[in-house]
Amino acid sequence: MNLDIEIPNRNFHELCNVIKWKETPHTYNKEELQAKSIADVLYNNMTFDSDDVLKHSYSCAHGKEGTFNYLLSGKSDEELQNDVSQIYHCYSCYILLPSEYYILSNRLLREGNYLQWLTLLQNLKHLFLQSVLIMELKAEQHFLAILHNLEKYHFEYPKTMAALIREYWFEWSQQVSVNLHSYTLNEDNDYDKRFLQIQRQGELKYNDWKAHLKDHIKVMFEKLQICFTEQELTRWAATLKLKQRESRKDVHYGSI
C-alpha cells in the first residue's frame, strides 16, 4: 500500500479500516478473478469495443446511453464546456465502469504509465465513460502528467475533456484538505498503536499541503494553460469563488 497516495485520498478512520481489511485473508471470487484476468489482457492490448463496454456498464438510470445523450445532443465542444459541471456530476453519479477498467487504470497510474492511461481514456470514446475514468486520478502528479500529454490524443470533445479534468481536480483537492485535516484531530479511539505513525505521517502531509497550497494551485494553473486561455481560467476561478461564497461548505481549503 502506497501511503503517499492513500493518506490524501482517505481520512484517518477510513485508512485504518482499509488496512485492517487488507490484513484479513481474502479469497477472490470468480468475478474478481475474471476482472483481473481481463485487465491483464487489456494491459498488453488496449483494443476493445467501447460500445460493448457501455452495454456492460451499470447505472442507476438503467445504463442506457440515451438517458444521458440529452446533455450532449447537438452541442459543440465549446458549448459543452458550459455544462461540464452537470456532465461531471451526472455521469459520475450514475455510471460505473466494469471492474477490469478500474483495475487497469490503477495499475497504469501506479506505474506512472500516463500515455497508456490516456490511450485507455481515448479508447473508451464515450464522454460519460471517460468522465468516470477521470475520477480515478488520485495524486497531483497524475493531473499534471495527464494535462501535459492531453493534446497528443484525439478526443471528440477535447476542451470538454480538459474541463472535466479541471473540474475533478478542484473537487479532489478540496477533499484532500478534508481528509488530511482528519489526521490532526486528537480523538480518543480504539485504534492500535501501529496507526499512530500513520496519523503522524498524515499530520505532516496536512501541514505541508496547507503551507504550499498556493504553490499547488499556481502549478496546476500553469499546466491548465496548455488547454485554456488565461481569460478562460480567470472566468472559471471567478465562478468557483462565487460558488464557495454561496455554499460555505469547505472551511479548510481556502479560496482560489
Side-chain angles (χ1 to χ4, degrees), residues 1-28 32 36 88-89 92-93 96-97 99 102-114 117 132-147 165-221 223 240-241 243-245 247-256:
M1 179 180 289
N2 184 349
L3 291 179
D4 286 336
I5 297 292
E6 292 290 340
I7 288 176
N9 287 284
R10 299 185 190 274
N11 66 44
F12 177 58
H13 293 268
E14 286 175 335
L15 182 54
C16 292
N17 289 332
V18 167
I19 291 173
K20 288 181 177 180
W21 179 83
K22 285 182 176 293
E23 289 175 345
T24 59
H26 180 72
T27 302
Y28 289 102
E32 289 173 318
K36 287 168 65 69
Y88 163 74
H89 287 291
S92 64
C93 289
L96 289 174
L97 289 168
S99 298
Y102 294 109
I103 295 170
L104 177 59
S105 172
N106 288 332
R107 177 178 177 181
L108 293 172
L109 292 173
R110 187 170 62 249
E111 294 176 354
N113 196 341
Y114 301 117
W117 190 91
V132 177
L133 193 72
I134 287 170
M135 294 180 66
E136 292 303 294
L137 302 177
K138 293 181 172 67
E140 187 176 53
Q141 64 263 34
H142 295 169
F143 290 96
L144 294 174
I146 295 306
L147 286 169
I165 295 171
R166 182 188 64 188
E167 189 86 6
Y168 180 57
W169 163 75
F170 179 71
E171 291 215 6
W172 169 84
S173 59
Q174 285 186 304
Q175 190 58 50
V176 166
S177 285
V178 173
N179 289 341
L180 291 180
H181 185 257
S182 72
Y183 292 82
T184 68
L185 303 177
N186 297 316
E187 299 176 346
D188 293 331
N189 57 59
D190 297 325
Y191 289 98
D192 298 340
K193 289 184 178 179
R194 59 192 166 136
F195 293 126
L196 292 177
Q197 186 60 38
I198 291 175
Q199 186 172 18
R200 293 191 188 99
Q201 193 171 338
E203 285 184 272
L204 291 174
K205 286 187 176 297
Y206 174 71
N207 292 331
D208 181 73
W209 174 264
K210 190 168 59 172
H212 297 96
L213 183 56
K214 290 184 178 180
D215 295 331
H216 291 304
I217 294 170
K218 180 181 178 181
V219 169
M220 183 58 64
F221 266 61
K223 193 62 69 176
L240 288 181
K241 283 185 177 181
K243 287 181 180 178
Q244 284 181 317
R245 287 195 206 102
S247 65
R248 298 187 181 277
K249 288 181 180 179
D250 187 356
V251 297
H252 302 300
Y253 186 74
S255 64
I256 286 182

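Every heavy atom of this structure was used, including side-chain atoms; hydrogens, water molecules and symmetry mates were not.
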How long is the straight-line distance from [atom2] of [Y] back to [atom1] of [X], given to the nearest 0.5 Å?
X: I198; Y: R10; atom1: CD1; atom2: CZ; answer: 12.0 Å
X: I19; Y: L3; atom1: CD1; atom2: CG; answer: 6.0 Å
X: Y114; Y: L147; atom1: OH; atom2: CG; answer: 12.0 Å
X: W172; Y: I134; atom1: CH2; atom2: CD1; answer: 15.0 Å
X: K223; Y: K218; atom1: NZ; atom2: NZ; answer: 14.0 Å
X: K214; Y: H212; atom1: NZ; atom2: NE2; answer: 13.0 Å

Looking only at heavy atoms, what is the nearest atom pair of [X] and [Y], with distance?
X: L137; Y: Y168; value: O-CE2, 3.4 Å
X: W117; Y: S105; value: NE1-OG, 2.8 Å
X: W209; Y: S177; value: NE1-OG, 2.8 Å

Taking side-chain hydrogen bond (donor to acceptor under 3.5 Å, both in side chains) as the test, write out the residues that go with N207, two or more places apart. none
All side-chain hydrogen bond (donor to acceptor under 3.5 Å, both in side chains) counterparts of D4, not counting sequence neighbours: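 D4 satisfies side-chain hydrogen bond (donor to acceptor under 3.5 Å, both in side chains) with K205 once adjacent residues are dropped.
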May I ask you to test the [X]-[Y] pair for a side-chain heavy-atom distance under 4.5 Å?
X: L15; Y: I7; answer: yes
X: N179; Y: P8; answer: no
X: R200; Y: L204; answer: no

Checking side-chain contact (heavy atoms from CB on, under 4.5 Å) for the pair K22/V18: CA distance, chi angles, key distance, verdict? CA-CA 6 Å; K22 285 182 176 293; V18 167; 3.9 Å; yes
N/O donor-acceptor pair under 3.5 Å between [X] side chain and [Y] backbone:
X: N11; Y: S182; value: no
X: Y183; Y: Q201; value: no
X: E14; Y: N9; value: no
X: N17; Y: H13; value: yes

Mutual orientation of the aromatic rings belonging to W169 and F221 [parallel < 30°, tilted 30-60°, perpendicular > 60°]: perpendicular
Parallel under 30°, tilted from 30 to 60°, perpendicular over 60°: which one fits the rings of F195 and F12?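 Rings of F195 and F12: perpendicular, as their planes differ by over 60°.
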Under the salt bridge (Lys or Arg N to Asp or Glu O under 4.0 Å) criterion, do E32 and K36 qualify, and how do the steps go? CA-CA 6 Å; E32 289 173 318; K36 287 168 65 69; over 6 Å; no
What's the verdict on side-chain contact (heavy atoms from CB on, under 4.5 Å) for K210 and L180, showing C-alpha distance, side-chain angles and the deciding distance? CA-CA 10 Å; K210 190 168 59 172; L180 291 180; over 6 Å; no
So M220 and F170, side-chain contact (heavy atoms from CB on, under 4.5 Å) or not? Walk me through it. CA-CA 10 Å; M220 183 58 64; F170 179 71; over 6 Å; no
Kindly indicate, with the supporting measurements, whether the criterion side-chain contact (heavy atoms from CB on, under 4.5 Å) is fulfilled by I5 and L109. CA-CA 11 Å; I5 297 292; L109 292 173; over 6 Å; no
